[in-house]
Amino acid sequence: MDNLFQPYALNDTLTLQNRILMAPLTRCMADENLVPTQAMADYYARRADTGLIISEATIIRADGQGYPNTPGLFTAEQIQGWRKVTDAVHAKGGKIFAQLWHTGRVAHPHFFGGEYVLAPSAIAVEGTVPRMRELVYTVPKAASHEEITKLIEDYSQAAANAIDAGFDGVEIHGANGYLIDQFLHHASNTRTDEYGQTPENMARFPLAVVDAISNRIGAERTALRVSPGAYFNMGTDARDREVFDYFIAELEKRELAFLHLGIFDDSMTFDYLGGTGSAYLRANYSKTLVGVGGYSAETGSQAIADNKFDLLAIGRPLIANPDYVAKVKAGETLVEYSDEMLASLI
Ligand code: FNR
Ligand code: 8K6
């Protein structure tokens with residue numbers, strides 16, 4: 001597993017101390033103003049020996065909220081709260097990116113006291129908010145051109161706020177059926193204007209967000225997570241393939257810090273992608289790719305050796321083992337993850 005412990009240069013600006021990334025993990029532990037707490041700073045600092053921490057998804061503005069107590073990056077208090085986190089991680093020699101999030105139609109007016117949520121099209125996601133079963137998802141409002149322009153500005157501002165808060169960069173959350181992903185799939189985007197119907201149109205908003213943030217903070221500090229396979233908060237549609245073919249080809253032209261697959265289990269295959277999410281991205285994108293989803297250090301190291309991706313993100317095992325990197329290095333037995341562990345930050 002030596003390959004996991006080699007440093008990795010993302011670009012001229014950022015070199016990671018090893019190839020194990022902490023995957024973004026929503027914990028719903030921010031305070032009532034969506035400000036990160038001292039307990040969160042301690043939690044992230046305990047994981048500073050990973051090559052890069054990607055923060056839990058962090059909302060860019062109030063109407064992006066879809067779950068209780070998810071942190072934000074849009075008030076001065078939230079920026080200060082994150083400053084405590086980034087300082088604690090840096091003091092221990094780590095690096096940390098903020099994952100920037102707007103849940104789109106997976107938001108709920110309950111959380112921000114609004115009248116409606118925004119999405120590409122007025123198509124509701126089925127079901128109810130997890131662990132808040134009384135909250136049924138609402139039919140979203142299809143975002144107007146003005147609202148789309150404002151969303152792009154707010155993503156860019158949140159990225160600037162992340163840099164103010166001391167983050168080393170940002171990962172745009174373009175995965176898992178949230179706002180950006182909603183533009184990229186036919187099941188959630190039926191627009192007939194320049195944001196819908198064709199691959200070029202459906203990729204327009206996601207690329208505008210990528211470019212606005214890259215221009216604001218530098219492409220070398222900007223990363224993106226994508227889910228070419230529809231599997232979470234999203235229906236499947238074989239036409240999505242050509243949307244992602246176009247989108248990924250456009251990303252290939254940009255010098256992003258990395259591209260990260262969004263998936264819970266990378267052994268899942270998608271007919272229209274012709275295999276797994278990581279194999280599809282590897283075949284269509286030549287730059288730094290982060291793999292994730294059900295890997296152990298052993299299987300992840302093997303996947304890197306087999307050139308399936310360059311960096312390995314670890315999620316649930318890092319919830320169960322704050323000292324994951326040290327334990328793997330020393331060959332110690334890991335504590336197994338269980339969902340009950342989500343109740344507290346260890
Ligand atoms: C996640 N995942 C996730 N993904 C993301 O992009 N942003 C997020 O905030 C979260 N939050 C989150 C919370 C919890 C409790 C879990 C279990 C997962 C997905 C995560 O980053 C990762 O892709 C999966 O957990 C698969 O990796 P592991 O856990 O098999 O290593
Ligand atoms: C409240 C947190 C919300 C953010 C993400 C929650 C993650 C939940 C943990 C596991 C859920 C697994 C769902 C996998 C979907 C695959 C469907 C085929």
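Residue numbers run from 1 in the order of the sequence given. Order of listing sets the numbers, starting from 1, for every ligand and every atom in it.
Contact annotation for Thr26 and ligand 1: heavy atoms of both the backbone and the side chain come within less than 4.0 Å of the ligand. When non-hydrogen atoms are compared, ligand 1 lies under 4.0 Å from the side chain of Asn176 (C-beta onward) but not from its backbone. At a 4.0 Å heavy-atom cut-off, ligand 1 does not touch Asp265 at all.
The backbone N or O of Pro120 sits less than 3.5 Å from a side-chain atom of Arg191, completing a donor-acceptor pair. Not a single donor-acceptor pair under 3.5 Å links the side chain of Asn284 to the backbone N or O of Ala249. A donor-acceptor pair under 3.5 Å links the side-chain atoms of Asn18 to the main chain of Asp49, judged by distance alone. Under a 3.5 Å cut-off, the side chain of Lys287 and the backbone N or O of Arg254 do form a donor-acceptor pair. The main-chain N or O of Lys308 is never found under 3.5 Å from a side-chain atom of Asp306 such that the two would form a donor-acceptor pair. Listed for the Asn33 side chain is no donor-acceptor partner under 3.5 Å among the backbone atoms of Val35.
Residues Tyr295 and Asp266 have side chains that bring a donor and an acceptor to within less than 3.5 angstrom of each other.
Between Leu342 and ligand 1, no N or O atom pair is found at a separation short of 3.5 Å. Checked against a 3.5 angstrom limit, the closest N/O atoms of Val292 and ligand 1 fall outside it. Considering both main-chain and side-chain atoms, Ile319 never comes within under 3.5 Å of ligand 1 through any nitrogen or oxygen pair. On a distance-only criterion, His173 and ligand 1 share at least one N/O pair closer than 3.5 Å.
Summarising the contacts of atom 8 (C) of ligand 1 with Pro24, Ser55, Ala313, the nearest heavy atom is found in Pro24. Considering Phe264, Tyr67, Tyr178 only, the shortest heavy-atom separation from atom 19 (C) of ligand 1 involves Phe264. Here atom 22 (C) of ligand 1 lies nearest to Arg225 when heavy atoms of Gln99, His260, Arg225, Met22 are compared.
Of all atoms in ligand 1, numbered sequentially from 1 with element shown, those under 4.0 Å from a heavy atom of Pro317 are 31 (O). Distances below 4.0 Å separate heavy atoms of Arg316 from the following atoms of ligand 1: 17 (C), 25 (O), 26 (C), 28 (P), 29 (O), 30 (O), 31 (O). Under a 4.0 Å criterion applied to the non-hydrogen atoms of Ala57, ligand 1 contributes the atoms 9 (O). Counting atoms of ligand 1 from 1 in the listed order, those under 4.0 Å from a heavy atom of Gly293 are 26 (C), 27 (O), 30 (O). Of all atoms in ligand 1, numbered sequentially from 1 with element shown, those under 4.0 Å from a heavy atom of Gly294 are 28 (P), 30 (O). Taking every heavy atom of Ala23 and a limit of under 4.0 angstrom, the matching atoms of ligand 1 come to 21 (O). Counting the atoms of ligand 1 from 1 in the order shown, those under 4.0 Å from a heavy atom of Ile314 are 31 (O).
Remark: Asp271 does not engage Arg241 in a salt bridge, criterion side-chain N to carboxylate O under 4.0 Å.
Residues Phe167 and His90 place their aromatic rings such that the two centres sit no closer than 6.0 Å.
Ligand 1 is never approached by Gly262 to a heavy-atom distance shorter than 4.0 Å. In this structure, Ala175 does not count as a contact residue of ligand 1, since none of its heavy atoms falls inside 4.0 Å of the ligand.
Under the 30°/60° scheme for interplanar angles, the aromatic rings of Phe97 and Phe258 are found to lie parallel. Trp101 and Tyr178 have perpendicular rings, their planes meeting at more than 60° on a 0 to 90° scale where under 30° would count as parallel.
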query: Should Arg61 and Asp154 be marked as a salt bridge (Lys or Arg N to Asp or Glu O under 4.0 Å) after you check the CA-CA gap, both sets of side-chain angles, and the distance that decides it?
result: CA-CA 7 Å; Arg61 61 186 218 185; Asp154 290 342; 2.8 Å; yes

